[in-house]
Amino acid sequence: MIKFARTTLANGLRILVHEDPTTSLAAVNVLYNVGSKHENPSKTGMVHLFEHLMFEGSINIPNFDDPLQMAGGESNAFTNKDHTNYYEKLPANNLETAFWLESDRMLDLALVEDKMNIQKKVVIEEFRETCIEKPFGNAWHELGEMLYGKHPYAWPTIGSKIEHIEEAQLADLQFFYDQYYHPANAILTVTGGVNAEEVFDLANKWFGDIPGGKANEIIIPKAEMVKAYQCRNLPTKAGTDAIYLSFLMPERGHPDFYKVDFITDILATGRSARLEQTLKKEKELFTYIDAYISGEMEEGMLVVEGKLKSGVSHEQAADAIWSELQLVANETISKEEQRKLLNKVESTVVFGRTSQLNISYNLAFYELLGNAQEINEEMLHYRAIDAEDVLRVASDIFQKEKCCQLNYHKK
Amino acid sequence: MKEAILNRKQAPVIRRPDSIYFPSAEQAKLDNGAAVYLIPGGTQDIVHIEIVFPAGKWQQGKPEVAAATAHLLMEGTHKRSARQIAERLDGLGAHLKAQAGTDQGKIIFSGLNKQLEAGLQLIREILLEPLFPEIELEKHIRASVQELEVLQTQREWLASRRFSEMLYGEKHPYGLTGEKSELEVLTKEDILHFYEKQYRLTYARIYVAGKVSAETHLLLNKYLGDILPAHEPLPEWDYPVHSSAKRIDQIQVDDSSQCSILIGKRIPVMKHEDAPGIFILNALLGGFFGSRLMKKLREEAGYTYNVYSMVTDLEHDSYFFISTEVGKHVLEPAKKEIYLAIRRLQEELVSEEELNLLTNYLLGDMMVSMDGPFNQLREFEDIVSCGLAADYFPNFAATIRDMSAKRLQELAIKYLDRESLFEVTAGQLNNLNE
């Protein structure tokens, strides 16, 4: 059980604290409710590029990282389709340094042209490294386009193309900053060797006078159901053929969300999972196979991903995957298999609680979803799943006409 | 009471990170002589165990045997098929894997404490009664050959293979990277022979971290204390190092928008008196976000998404390298900046402010790496593997605190001579024939 204290400042900033007296370190997490789904489709990649600029100095502090490192700490951030998340890990007795830094870049950033230009280059190299050079790095561009059409989940967080990053204007970034970077649109969580009351006092001191602004209330339209099977064939220099089958799934908060996650557990969690045992080990059709959900707030995707054994065709590979998907949809899962998977999920949940950064991020994420207490209720959702649910949800998702397929062919 | 207006230009007072918790492990032996290191702690009721055998590339004699043996340990016992082992483990909700690296073969278990006894039973069975089925060996060979073919298309892998060959020679265990021909001649006899010789618990070190108690030791001894003793001392292996005479090499990889750069050399082993200082020097050069290379190549020039340098300590040798992926149009300027950064370390004293930042960062980083039993296990394993004991940690912290600009410069002059560095670039290179 993760215990936490929670408060809200007058300007709307939400603060959550989890105390862990066994450590002398603290983790600080600041989540902003803005992700790539809030971008304009003709100017994608802005939110992520902006994340880079958050490290380039703020109104009163010319360099973000130096003082933090001087305090023995380290920082990083990530952006996804739903939100942008910044975090620090540092000795708990230097906690105030993190508050000073995070509050100043929430108050006002020192956005300048030449720093933006350098970070554009950095992000373009990131795009090259992760989406062009990395094997199958463009899969998310391709799958996103096929599954989502005009929905803002269609493009990956880094942006739909390099040109969008090149063309970014300071004004666009300033717009994002003014619109979304303020206390009412942020969640601050602190975990580790800290005292909740002291954290609240510090938060009030450093964040209390920042003007509140208006929380992001943009409603993202529902993704339209895929109506016809789509398949794309692409070359790869990765030296192996690969296949991706993807399906839209319900949003977080939908009663079936955890059931879909559990279905991918049946397929691919653990060494004894079905895809691994049947398709990789017994039939030797794949050298690697996995199934997972993207787990986002809006309608995410369920993906089955495999690397083909030499000599296996994409058609054979797809048929073999489909036969496993149909098995989940048509045959009731045994009590024993269900119990095995629940043990596995429990173990994952417990191990997740050994990382302060993980706890602080999850508290913020559940708070964003509407209820931080959910951090302690994950297991209940999995335990509540019955075998009939699995059949119903799997039959609904695993339909050929709802599938978007990507075949990679080695050169 | 009205509060004073906040002066945001004024940084809060910083306390030097000095509350580092130096782990100590409770040491014990099992009846067969296996050394046990118990590292208690943590908030969750979980346990992590690593059983380390002298069963890596260093001891294998024949290439690829160590990796195949570790893989096949999980692929069937006289009582259970591979699938049944997997079912049993997943049924417990525990993780168990076997893997081999350069110097070691390892069994790694993690699970909830309530699964520990069942986990140890299974580990006992895997270690004592492995079947090494021919059919699984054949599958392993096929899969490894394909994996190798895939790796051979990857620029970063090609560069790193060439780099280790240049440092150690391709016959040295630290230079070996696997060949199809070596995989194809593996036999069950090779595996059995290696297993019989090396998977002896008398030679093993067992690290246990998490919610451990006196009972944990009893359980370990019950399931692992009476099997696989060794009756002779562990032999010593020695391999001559044949570094390449050519210090600069290039690999053409068509159709790449980026180039890989690797620059580095062998350095004194972890036990050497200069090693802690070299670690600190490495951090200044490229060991963290505020390092010279990161600031220059990424934050000032935008040549790369990431550049870093690091020290790798193996049991019998250590090396250091700088690694980055840069846009191919900036390959030459990026290399120039890397060598300039090295030269600056030799020619200029680091400022007091930068030195303070570096050492504070490193002390904080040490706190992070010592935080919680699972991190402590990793740290402990590293030092024990290199023949060091727990006093290494406070000594290392003292070296950080006492580091001077002059000492860093001396180390840079002594160890970062440009003529001593090896360099590999891989990518779509235009000047190969120049």
Side-chain angles (χ1 to χ4, degrees), chain A residues 20 22-25 59-61 65-67 69-75 89-91 93-94 96-97 100 104 107 117-126 128-129 132-133 135 205-206 209 237-240 270-273 277 281 284 287 309-310 339-340 343-344 346-347 350-351 353-354, chain B residues 6 8-9 11-12 14-15 17 19 21 41-46 82-83 86-87 89-94 110-112 139 142-143 146-147 149-150 152-155 255-258 288-290 298-305 325-327 356-357 360-361 363-365 367-368 371-372 374:
Chain A
D20 176 358
T22 68
T23 174
S24 49
L25 292 161
I59 195 78
N60 296 296
I61 310 173
D65 286 290
D66 283 357
Q69 288 156 1
M70 192 65 96
E74 200 164 25
S75 174
K89 192 161 190 180
L90 78 170
N93 59 5
N94 284 333
E96 191 163 3
T97 301
W100 172 61
D104 205 52
L107 176 71
N117 288 335
I118 292 172
Q119 289 306 314
K120 278 185 183 182
K121 289 191 197 169
V122 171
V123 172
I124 289 168
E125 290 306 326
E126 181 180 356
R128 289 197 178 113
E129 193 170 325
I132 299 175
E133 296 298 319
K205 174 177 171 185
W206 290 103
D209 65 355
K237 54 182 180 182
T240 176
R271 293 174 75 98
S272 69
Q277 285 295 331
K281 299 208 72 178
E284 282 194 87
T287 58
K309 191 87 202 304
S310 295
R339 203 189 53 235
K340 170 186 90 173
N343 282 347
K344 205 80 191 163
E346 184 189 359
S347 176
V350 175
F351 272 89
R353 291 182 183 162
T354 61
Chain B
L6 201 55
R8 290 185 174 274
K9 297 213 187 287
I14 285 175
R15 291 167 194 88
S19 51
Y21 172 80
T43 54
Q44 304 296 320
D45 206 12
I46 53 186
R83 185 161 195 161
E87 292 284 353
L89 273 171
D90 287 342
L92 293 171
S110 37
L112 307 182
K139 280 188 196 175
R142 283 196 293 271
Q146 190 177 345
E147 197 182 325
E149 284 167 358
V150 172
Q152 283 166 354
T153 64
Q154 289 170 16
R155 190 185 65 240
D255 196 17
S256 325
S257 62
Q258 290 185 309
F288 71 119
F289 197 85
R298 176 179 147 136
E299 294 300 293
E300 284 176 30
Y303 291 157
T304 182
Y305 175 48
E325 310 297 311
V326 301
N356 263 335
L357 186 148
N360 277 10
Y361 167 76
L363 290 169
D365 185 54
M367 282 176 73
V368 173
D371 189 44
F374 307 108

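These numbers come from the heavy atoms of this one structure, side chains and all, not from hydrogens, waters or symmetry mates. Just so it is clear: chains get the letters A, B, ... in the order the sequence lines come, proteins before strands, and each one is counted from 1.
- Contacts between Pro67(A) and chain B at a heavy-atom distance below 4.5 Å involve the backbone alone (N, CA, C, O).
- The candidate with the highest count of non-hydrogen atom pairs below 4.5 Å against chain A, out of Gly41(B), Gly93(B), Gly42(B), is Gly93(B).
- Separation of atoms NZ (Lys340(A)) and CG (Leu92(B)) is listed at 11.5 Å; rounding is to 0.5 Å.
- Contact of Glu299(B) with chain A is made through backbone and side chain together, with heavy-atom distances under 4.5 Å.
- Across Glu126(A), Lys344(A), Glu96(A), Lys120(A), the residue that shares the most heavy-atom pairs under 4.5 angstrom with chain B is Glu126(A).
- Side-chain contact between Lys205(A) and Leu6(B) is present, with heavy atoms from C-beta onward closer than 4.5 Å.
- Note that the CG atom of Asp365(B) and the CG atom of Leu90(A) stand 12.5 Å from one another [nearest 0.5 Å].
- Comparing Leu357(B), Asp90(B), Asn360(B), Thr153(B) by how many heavy-atom pairs each has under 4.5 Å with chain A, the most go to Asp90(B).
- Residue contact with chain A, scored on non-hydrogen atoms closer than 4.5 Å, involves the side chain of Gln146(B) exclusively.
- For the 3.5 Å distance criterion, the side chains of Tyr361(B) and Glu74(A) qualify, holding a donor opposite an acceptor.
- Contact tally against chain B (heavy-atom pairs below 4.5 Å) for Ile124(A), Asp65(A), Leu25(A): the top residue is Leu25(A).
- Contacts of Lys89(A) with chain B are made by side-chain atoms alone, with heavy-atom separations under 4.5 Å and no backbone atom involved.
- Using a 4.5 Å cut-off between heavy atoms, Leu107(A) contacts chain B through its side chain alone, with no backbone atom that close.
- Ser256(B) touches chain A through backbone and side chain together, each having a heavy atom under 4.5 Å away.
- With chain A as partner, the option from Leu112(B), Thr43(B), Ile46(B) having the largest number of non-hydrogen pairs under 4.5 angstrom is Ile46(B).
- Of the listed residues Gln119(A), Lys309(A), Glu346(A), Arg339(A), the one with more heavy-atom pairs under 4.5 angstrom with chain B than any other is Lys309(A).
- When all heavy atoms of Pro91(A) and Gly364(B) are compared, the closest pair comes out as CG-CA, 4.5 Å.
- Using a 4.5 Å cut-off on side-chain heavy atoms (C-beta onward), Arg155(B) and Glu133(A) make contact.
- The contact between Asp66(A) and chain B is made by backbone and side chain atoms together, counting heavy-atom distances below 4.5 Å.
- Only the side chain of Asp209(A) comes within contact range of chain B, with heavy atoms under 4.5 Å apart.
- Taking CD1 from Ile61(A) and CZ from Arg8(B), the interatomic distance works out to 8.0 Å, rounded to the nearest 0.5 Å.
- Atoms CZ and OG1, on Arg128(A) and Thr304(B) in that order, are 11.0 Å from each other to the nearest 0.5 Å.
- Taking chain A as the reference chain and counting heavy-atom pairs below 4.5 Å, the highest number among Phe289(B), Phe374(B), Tyr21(B) is found for Phe289(B).
- Of the residues considered (Thr287(A), Thr22(A), Asn93(A)), Asn93(A) shows the highest number of contacts with chain B, using heavy-atom pairs under 4.5 Å.
- Between chain B and the residues Gln277(A), Lys121(A), Arg353(A), the most heavy-atom pairs under 4.5 angstrom are made by Gln277(A).
- Taking OG of Ser257(B) as the reference point, atom CD of Glu129(A) lies at 9.5 Å (rounded to 0.5 Å).
- The candidate with the highest count of non-hydrogen atom pairs below 4.5 Å against chain A, out of Leu89(B), Val326(B), Val368(B), is Val368(B).
- Per-residue heavy-atom pair counts under 4.5 Å with chain B were compared for Ile59(A), Asn60(A), Asn343(A), and the maximum is reached by Asn60(A).
- For the atom pair CZ of Arg15(B) and OG1 of Thr97(A), the computed distance is 8.5 Å after rounding to the nearest 0.5 Å.
- Looking at Gln154(B), the atoms closer than 4.5 Å to chain A (heavy atoms on both sides) all sit in the side chain, from C-beta outward.
- Of all heavy-atom pairs spanning Pro12(B) and Trp206(A), the tightest one is CG-CZ2, 4.0 Å.
- The candidate from Ala94(B), Ala143(B), Gly290(B) with the greatest count of non-hydrogen atom pairs under 4.5 Å with chain A is Gly290(B).
- Residues Val350(A) and Asp45(B) fail the side-chain proximity criterion, which asks for heavy atoms closer than 4.5 Å.
- Counting all heavy atoms, side chain and backbone alike, Gly327(B) lies closest to Glu125(A) at N-OE1, 3.1 Å.
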